[in-house]
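Computed from a predicted model, the values in this text were never measured in an experiment.
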2 protein chains.
Amino acid sequence: MRTLKYAILGLMNQKQMTGYDLTKQFESTLNEFWHAKHSQIYPELKKLTEEGLIEYHTEISGSSLKKKVYSITENGKKDLHTWLLKSVPLTHTPKDEFRLKVFFFSNLKTEEELMHLQTQLSQHEDRLQHLRQNMKKFSNIPEKSTDEFGDYLVLLGAIMREETNCEWLKKCIELINCN
Amino acid sequence: MRTLKYAILGLMNQKQMTGYDLTKQFESTLNEFWHAKHSQIYPELKKLTEEGLIEYHTEISGSSLKKKVYSITENGKKDLHTWLLKSVPLTHTPKDEFRLKVFFFSNLKTEEELMHLQTQLSQHEDRLQHLRQNMKKFSNIPEKSTDEFGDYLVLLGAIMREETNCEWLKKCIELINCN
DNA sequence: ATTTGCATGTAATCTGTTACATGATTCA
DNA sequence: TGAATCATGTAACAGATTACATGCAAAT
């Protein structure tokens, strides 16, 4: 389905970028719903250039460091828009190794189960705190039709999701303690 | 990380099964946190047999239909238990094509955004209803240390997750309408 | 008889990760 | 001057999907 392609086109549609900039975006802003390593990004940029959806010019940083600054072409914008309009089929629930272990909990002792749950809970609480920190960049709800509005919506979703993860883990701990 | 391996060992530890039975389990019970197609399962069964973690005997259904009934070996049980004890690192938030589109919403018209959100919402509401239906098989909370208890915990988690998905989608619709 | 479900496999392809590999720039 | 960061790429491998391929059994 070439989803990485559209993630890149979408970002490039906001502003021109190098492969390195893209990599940073996947590590930060997009982190809650998409990610990719540079080893996947550079070959994809090459492919998109060959397909005429993006193009680049070379800039020199300092005295000799070359970087390729990519921007989206008209064809790229068309392709992105077509993808954005296409309806999204409900996909498989994502794979989750922790829940798989919980499913097989009957093979563990109660202390072992609680240890797993508590470790997981504290990790998710950290992530939740981090997300709430990110949310502070929005002093108020951004205007619809700005790039910030989409950013706000997905961040809101990420926070709600983490809150539920934490609630579920607490509920599991409670059920194990009171059974 | 060979997670499929452990999913299979875990199921095989509950009872002996054919590749076909496993495939059905991935489509039903495990569906909310793991899945695999038969084309991935059969080669894995072959590999696990070579590794001595499972073994099989052949049974005949009807007059000539052969099936391989697999069961876990002592080595397989040990390996499974080691995996169950190992702590689970917090993984990347799963990839989500729909949220990626929401992030790029500024490129769409309000009606197009609402159409996407409403379609997604009704699909998640259907899934939620289906999960609640599944929950009815538990007339009360299963005993800790039974296989059903793990099943109950993950189903509870799946329901909570879907409820939050629906809430988030409703919130997005509301924010778009009142902005 | 035909369709649906039971049952098992392989081949080609796509997607993604880890590791390998190199070199410039900036800041402490 | 050494470490962190900027910057770009390839190779090998692992994980997963789609399509190809076959045949029996049960129910309608």
Residue list, ring-ring contact (aromatic ring centres under 6.0 Å, His included) with [X], at least two apart or on another chain:
X         : answer
Phe104(B) : none
Phe138(B) : Tyr152(B)
His35(A)  : His92(B)
His116(A) : none

Acceptor/donor pairs from residues 80-90 of chain B side chains to any protein atom, 3.5 angstrom cut, sequence neighbours excluded:
| unit_1 | atom_1 | unit_2 | atom_2 | d |
| --- | --- | --- | --- | --- |
| Thr82(B) | OG1 | Lys78(B) | O | 2.9 |
| Trp83(B) | NE1 | Glu97(A) | OE2 | 3.1 |

Please work out if Thr18(B) contacts a base, only the sugar-phosphate, or nothing of the nucleic acid, heavy-atom cut-off 4.0 Å. sugar-phosphate
Within-4.5 Å side-chain heavy-atom neighbours: Gln120(A) and Lys101(A): no
Taking the side chain as every heavy atom from C-beta outward, state whether Leu117(A) and Leu121(A) have any atom pair closer than 4.5 Å. no
Enclosure of Glu112(A) CD (heavy-atom neighbours >12, cutoff 6.0 Å):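 Yes, CD of Glu112(A) has more than 12 neighbouring heavy atoms, counting only those of other groups under 6.0 Å.
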Residues, nucleotides or ligands: over 12 heavy atoms within 6.0 Å of Lys77(B) NZ: no
DNA chain C: Lys68(B) or Lys95(B), which has the more 5' nearest nucleotide?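 Checking each residue's closest nucleotide, the 5'-ward one belongs to Lys68(B).
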Measure [atom1]/[X] against [atom2]/[N] and give the value in whole Å, please.
X        : N       : atom1 : atom2 : answer
Asp21(B) : dC6(C)  : CG    : P     : 9 Å
Glu27(A) : dG16(C) : CD    : P     : 16 Å
Lys24(B) : dT8(C)  : NZ    : P     : 12 Å
Phe26(B) : dA7(C)  : CZ    : C1'   : 17 Å
Ile60(A) : dG23(C) : CD1   : P     : 17 Å
Lys67(B) : dG5(C)  : NZ    : P     : 17 Å
Leu22(B) : dC6(C)  : CG    : P     : 14 Å

On DNA chain D, which is the earliest and which the latest nucleotide, 5' to 3', with an atom closer than 4.0 Å to a heavy atom of chain B?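 So the outermost contacting nucleotides come out as dG15(D) to dA25(D).
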Pairs of donor and acceptor atoms involving the side chains of residues 36-43 of chain B, under 3.5 Å and at least two apart or interchain, shall be tabulated with distances.
| unit_1 | atom_1 | unit_2 | atom_2 | d |
| --- | --- | --- | --- | --- |
| Tyr42(B) | OH | Tyr20(B) | N | 3.4 |

Angle between terminal axes - the helix from dA1(C)-dT28(D) to dA28(C)-dT1(D), 5 pairs each end, rounded to 10°: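 Between the first-five-pair axis and the last-five-pair axis there is 30°.
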Checking side-chain polar atoms at under 3.5 Å, does Asp21(A) have a donor or acceptor matched by the opposite partner on Thr18(A)? yes
Would Phe149(B) end up clustered with Met135(B) when hydrophobic side chains under 4.5 Å apart are linked, directly or stepwise?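 In one cluster: yes.
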Find every protein N or O atom lying less than 3.5 Å from an N or O atom of nucleotides 24-28 of chain C, and list the pairs.
| unit_1 | atom_1 | unit_2 | atom_2 | d |
| --- | --- | --- | --- | --- |
| dA24(C) | O3' | Ser64(A) | OG | 3.3 |
| dT25(C) | OP1 | Ser61(A) | O | 3.4 |
| dT25(C) | OP1 | Ser63(A) | N | 2.8 |
| dT25(C) | OP1 | Ser63(A) | OG | 3.1 |
| dT25(C) | OP1 | Ser64(A) | N | 3.0 |

Of residues 28-55 of chain B, the positions that come close to DNA chain C - non-hydrogen atoms, cut-off under 4.0 Å: His38(B), Ser39(B), Tyr42(B), Lys46(B)
Which pairs of donor and acceptor atoms, one on a side chain in residues 56-68 of chain A, lie under 3.5 Å apart (sequence neighbours left out)?
| unit_1 | atom_1 | unit_2 | atom_2 | d |
| --- | --- | --- | --- | --- |
| His57(A) | NE2 | Glu59(A) | OE2 | 3.1 |

With Thr23(B) via side-chain hydrogen bond (donor to acceptor under 3.5 Å, both in side chains) - residues at least two apart: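 Partners of Thr23(B) under the side-chain hydrogen bond (donor to acceptor under 3.5 Å, both in side chains) test: none.
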